[in-house]
Amino acid sequence: MAAPTGQMASAGPREGARARHARRFIVGIAAIAALGGALFGYDTGVISGALPFMEGHFGLTSLGEGIITSALLIGAAFGSLIGGRMSDALGRRNSLLWAGAVFIGGALAVALSPDVPFMTVARFVLGLAVGSASVITPLHLSEVAPPHIRGRLVSFNSLMIVSGQLLAYLINAFLAQWAAWRWMLGLAALPAVALFVGLFFLPDTPRWYISKGRQDEAARVLRRTLPAEDVPAELARIDHARSLEDDARRGGRQQLRTPWIRRLLLVGIGLAAVQQITGVNAVVYFAPKILASTGLGTGASITATIAVGVISVLATGLGMSLIDRVGRRPLLLTGLAGMTVSLALLGASFHLPHSPAVTALVLGLMVLYMAFMQGTLNTGVWLLLAEMFPLKVRGLAMGAAVFVMWLVNFAVALVFPLLLDAVGAGTTFWFFGAMCVLSLVFCKRYAPETKGLALEDLEDELRKAAGAAPAAA
């Protein structure tokens, strides 16, 4: 009896060390990969502080502001399509390496731009990296994470996005005293270098390795995230899901014509549009301009925007802690209801006479709106898009959904300054409130619940929910 007791005694520490190693490995992957999310956030948020100074430097009109802001977003739209295809062909890691290199070059080109046409092209190129990272990063994290922490790990990317935006707001406020808008834009190159270097230390995901027939490499990665006894079953689960689809994988586009997959794609595209049409990036890109319309000075408006960034980070952290316990759908529905009320009140506040109290009210309602948005809808949509598509079309379908997201984002950024001039901030935010109501109806009817299921099991559940026949055993 002594020998087994000794073996059991020694097994405990070994298992504890294995668990600690797995946690460190997963956290390391999340930290490095999610630098793509931080760059996404920084490059989208920094423009809010740079625009007031660029307006004077380049003589920008409202249309010019919209064009420079939205150039990155139309680049991101095409980058999301490139990223989806590239991640399937080259792998999640190698695709992020490409994005990191473009982040570095694009940030430097934007900072050194001599005129508006050059700036527009440079921001388009930078957008290619932003869009690619917006697809590849959550895809990478969702395919590495064990099911019980997948929601929190993928949502970590959302936290990094809003953290990048907060960092941009802080740097904007610091550099605004010198009107150093070129430094605001160029500092994005530093985390881009960290991303590029860090990626050399990451493996690709087990699911991508298996899709290329590289079973041994998939097993090595799984052994670093799961107990050793669970690895064969997980390999078999992923491999079985792929074996059912070998013929289908010869044409990813053809698979999108399968009724239940096409329905899922349309729902994903709808969720992507919902995330943007409800107005979040009107606040992210133009918060100082919105606050300045209440009578606040340029420097003070840029500094006040820090409050938007702080609440975005805190709310995203709260959403991360809830999403695996509460589920995706309840967060979406609660958030959209809160956003509707916030936008209705925000629109009304612009009809009050200008005063310091009204400025504080506008800022408070913007912060309340962003708390609901970032803690629920933003976190939930990015996670659902990373989870809800079957493996055979995951990269392509997510790329298509995120392409639409960026197109809507582009339209909002281009039109928002013109809407402010044409109908005023109050009516503009009431329009976004109406979009929240329509989005609430859409999400209640169509948004799936993906909580707690392995990606391969989730595929079967979604197939059944769409009324398709179950996959053959």
Side-chain angles (χ1 to χ4, degrees), residues 22 25-26 28-30 32-34 36 83-97 132-133 135-157 199 202-227 230-250 252 255-256 261 264-265 268 382-402 450 452-463 471:
F25 177 67
I26 292 169
I29 285 178
I32 295 171
R85 287 180 160 221
M86 188 165 53
S87 69
D88 283 343
L90 303 180
R92 302 359 178 177
R93 171 185 169 276
N94 288 337
S95 300
L96 278 175
L97 272 171
S132 296
V135 173
I136 302 164
T137 299
L139 202 60
H140 189 285
L141 294 175
S142 73
E143 292 186 354
V144 168
H148 66 285
I149 61 166
R150 190 176 63 239
R152 278 171 288 167
L153 192 60
V154 177
S155 298
F156 182 65
N157 183 57
L199 283 166
L202 290 189
D204 219 303
T205 73
R207 286 171 177 82
W208 186 78
Y209 282 134
I210 288 175
S211 76
K212 301 301 179 183
R214 295 158 66 174
Q215 314 292 84
D216 290 344
E217 289 164 281
R220 277 199 294 272
V221 177
L222 286 173
R223 279 194 290 270
R224 300 181 71 179
T225 62
L226 295 173
D230 293 345
V231 169
E234 183 65 12
L235 279 172
R237 185 208 305 272
I238 298 171
D239 203 28
H240 176 64
R242 288 199 42 77
S243 69
L244 299 176
E245 298 159 351
D246 279 344
D247 292 337
R249 279 192 62 83
R250 294 176 183 172
Q255 289 309 300
L256 293 178
I261 295 179
L264 269 185
L265 176 60
W382 279 114
L383 178 55
L384 281 172
L385 293 182
E387 291 179 324
M388 64 186 288
F389 299 117
L391 177 61
K392 60 180 175 288
V393 295
R394 188 169 295 144
L396 182 61
M398 187 175 178
V402 176
T450 58
L453 290 171
L455 292 178
E456 289 70 36
D457 295 337
L458 176 59
E459 181 173 334
D460 289 335
E461 291 296 320
L462 292 173
R463 183 188 284 111

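For Leu385 against Gly268, the heavy-atom pair with the smallest separation is CD2-O, 3.6 Å. Counting all heavy atoms, side chain and backbone alike, His140 lies closest to Arg93 at CD2-N, 4.1 Å. A pairwise comparison of heavy atoms in Gly36 and Ala133 identifies O-CB, 4.1 Å as the closest pair. In terms of heavy-atom proximity, Ser87 sits nearest to Arg92 at O-NH1, 2.8 Å. When all heavy atoms of Pro203 and Phe25 are compared, the pair lying nearest together is CG-CZ, 3.7 Å.
For the atom pair CG of Asp230 and CG of Leu222, the computed distance is 10.0 Å after rounding to the nearest 0.5 Å. Note that the CE atom of Met388 and the CG atom of Leu383 stand 11.0 Å from one another [nearest 0.5 Å]. Atom CG of Leu141 and atom CD1 of Ile136 lie 11.5 Å apart (nearest 0.5 Å).
Distance alone, capped at 3.5 Å, places no donor-acceptor pair between the Tyr209 side chain and the Asp216 backbone.
With sequence neighbours left out, the salt bridge (charged side-chain N to carboxylate O under 4.0 Å, His left out) criterion links Arg220 to no other residue. Scored by the side chain to side chain contact (heavy atoms under 4.5 Å, CB included) test, Leu199 finds Ile32, Leu96, Leu97, Leu195, Leu202 as partners (sequence neighbours excluded). Listed by chain and residue number, Asn378 satisfy the side-chain hydrogen bond (donor to acceptor under 3.5 Å, both in side chains) test with Trp382 (two or more places apart in sequence, or in another chain).
Two residues are said to be in side-chain contact when any heavy atoms from C-beta on lie closer than 4.5 Å; Leu235 and Ile210 meet this criterion. In this structure, Trp208 and Arg214 have side chains that are in contact, with non-hydrogen atoms separated by less than 4.5 Å.
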